[in-house]
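This report concerns only the one structure given below.
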Amino acid sequence: IPLSHASDDAEESANGSVSLNSSDLELVQDNSLQTVGIRFRGVNIPRGARITNAYVQFTCDETMNLNPCDLVFNGQAADDSATFATSPRNISSRGRTAATVNWAPPTWTRVGNAGPDQRTPDLSQVVQEIVSRDGWVQGNALAIIITGTGARVAQAYGGVRRQHAALSRPRGRDLQS
């Protein structure tokens, strides 16, 4: 499930200002530690479907790596995530799922790579918590919020066409292949 609008990925600096127009996403160190949000529209998962595998695929935009890099992934605890906006603290103020996935990605060594090194671990528990909400409806949007330390630099929606983050088509019982 690819991003579809410039407001589907965003970076929030430590002072709370939000940028929607970057060509890349610093995961998560830029001039300060930041909070990154990515939002996927039209998620075709019925409420309560059992999710067994889901991940986000990034594409390397720069080989600037700041180690150690330890990223934390939560979902936005919302039935239908709103698009990101430039209002202060628009990402960090959103409620988060209890489910959390940690990722210490390997060093990214080649611009344009979008392989196993740029793929998150399984995020099914995060996606599961969102699609199990009473108000979730097939076709809603879900957002992933990323915090942590260190840096990897991924393509953003405003960067190279079709190389921005994408949510894998989640797999699981009750989902059509």
Side-chain angles (χ1 to χ4, degrees), residues 1-12 16 18-20 22 25 27-28 34-59 70-105 114-116 118-148 152 154-159 161-177:
I1 304 169
L3 303 179
S4 57
H5 293 86
S7 59
D8 284 341
D9 60 16
E11 299 169 298
E12 180 184 310
V18 176
S19 171
L20 301 176
S22 182
L25 297 173
L27 306 171
V28 288
Q34 58 183 14
T35 302
V36 174
I38 49 178
R39 178 177 178 263
F40 302 97
R41 300 170 185 243
V43 178
N44 192 24
I45 300 173
R47 185 174 68 77
R50 186 171 157 259
I51 308 301
T52 58
N53 189 12
Y55 59 85
V56 173
Q57 180 68 59
F58 293 103
T59 299
D70 294 301
L71 305 177
V72 179
F73 290 76
N74 290 89
Q76 180 184 355
D79 298 334
D80 190 13
S81 296
T83 190
F84 295 112
T86 57
S87 55
R89 305 210 182 283
N90 185 259
I91 306 169
S92 63
S93 65
R94 295 176 182 221
R96 298 183 195 177
T97 58
T100 299
V101 174
N102 297 305
W103 183 32
Q118 294 78 34
R119 184 177 305 135
T120 67
D122 184 13
L123 301 176
S124 60
Q125 63 184 343
V126 173
V127 174
Q128 184 71 67
E129 186 173 333
I130 296 167
V131 303
S132 294
R133 295 174 59 88
D134 289 339
W136 174 263
V137 175
Q138 187 169 344
N140 280 0
L142 69 80
I144 303 293
I145 299 171
I146 308 163
T147 57
R152 297 294 181 269
Q155 286 283 346
Y157 183 82
R161 186 173 168 91
R162 294 192 203 129
Q163 290 188 357
H164 48 75
L167 179 66
S168 68
R169 184 161 186 216
R171 305 261 186 256
R173 192 181 57 151
D174 306 325
L175 298 179
Q176 295 178 343
S177 298

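Along the sequence shown, residues are numbered consecutively beginning with 1.
- For the residue pair S124 / N53, no side-chain donor-acceptor distance below 3.5 Å is found, with atom types taken as modelled.
- Proximity of L71 to V28: side-chain heavy atoms (C-beta onward) are separated by under 4.5 Å at one or more points.
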Walk me through whether I146 and V56 qualify under side chain to side chain contact (heavy atoms under 4.5 Å, CB included).
CA-CA 11 Å; I146 308 163; V56 173; over 6 Å; no

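- Between V127 and V43 there is no side-chain heavy-atom pair separated by less than 4.5 Å.
- A search for side-chain hydrogen bond (donor to acceptor under 3.5 Å, both in side chains) contacts involving S7 returns T83, not counting sequence neighbours.
- Of the possible polar contacts, one joining the N74 side chain to the T97 backbone as a donor-acceptor pair under 3.5 Å is found.
- The structure places CG of D122 at 7.5 Å from OG1 of T52, a figure rounded to the nearest 0.5 Å.
- Residues passing the side chain to side chain contact (heavy atoms under 4.5 Å, CB included) test with A77, sequence neighbours excluded: R133.
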Decide yes or no on side chain to side chain contact (heavy atoms under 4.5 Å, CB included) for L20 and T86, but give the supporting numbers first.
CA-CA 7 Å; L20 301 176; T86 57; 3.8 Å; yes

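- Of all non-hydrogen atoms in D70 and A104, the two that sit nearest each other are OD1-CB, 3.5 Å.
- Between A10 and V18, the shortest heavy-atom contact is CB-CG1, 4.0 Å.
- Counting heavy atoms from C-beta outward, V137 and D80 have side chains that stay 4.5 Å or more apart.
- Residues I91 and I145 have side chains in contact (heavy-atom distance under 4.5 Å, counting atoms from C-beta outward).
- Summarising the geometry of A143 relative to I130, their closest heavy-atom pair is O-CD1, 4.2 Å, with the distance given to 0.1 Å.
- By the side-chain hydrogen bond (donor to acceptor under 3.5 Å, both in side chains) test, R96 is found to be paired with no residue, residues two or more places apart in sequence or in another chain being considered.
- For P121, the side chain to side chain contact (heavy atoms under 4.5 Å, CB included) criterion is met by V101, W103, not counting sequence neighbours.
- Residues F84 and R94 meet the side-chain proximity criterion, which asks for heavy atoms closer than 4.5 Å.
- A distance-only check finds no donor-acceptor pair linking the side chain of E129 to the backbone of V126 [under 3.5 Å].
- Remark: R119 pairs with Q57 by the side-chain hydrogen bond (donor to acceptor under 3.5 Å, both in side chains) rule, at least two apart or across chains.
- Between F40 and I144, the closest side-chain pair of non-hydrogen atoms falls below 4.5 Å.
- Taking each heavy atom of V36 and E11 in turn, the nearest pair found is CG2-CG, 4.3 Å.
- A donor-acceptor pair under 3.5 Å is absent between the side-chain atoms of D9 and the main chain of A156, judged by distance alone.
- For the pair N44 (side chain) and G139 (backbone), a donor-acceptor distance under 3.5 Å is absent.
- Annotation for F58 and T120: closest pair CE1-CG2, 3.8 Å, computed over non-hydrogen atoms.
- Rounding to the nearest 0.5 Å places OG of S81 at 10.5 Å from CG of D8.
- Shown here are the side-chain hydrogen bond (donor to acceptor under 3.5 Å, both in side chains) partners of Q128, two or more places apart in sequence or in another chain: S132.
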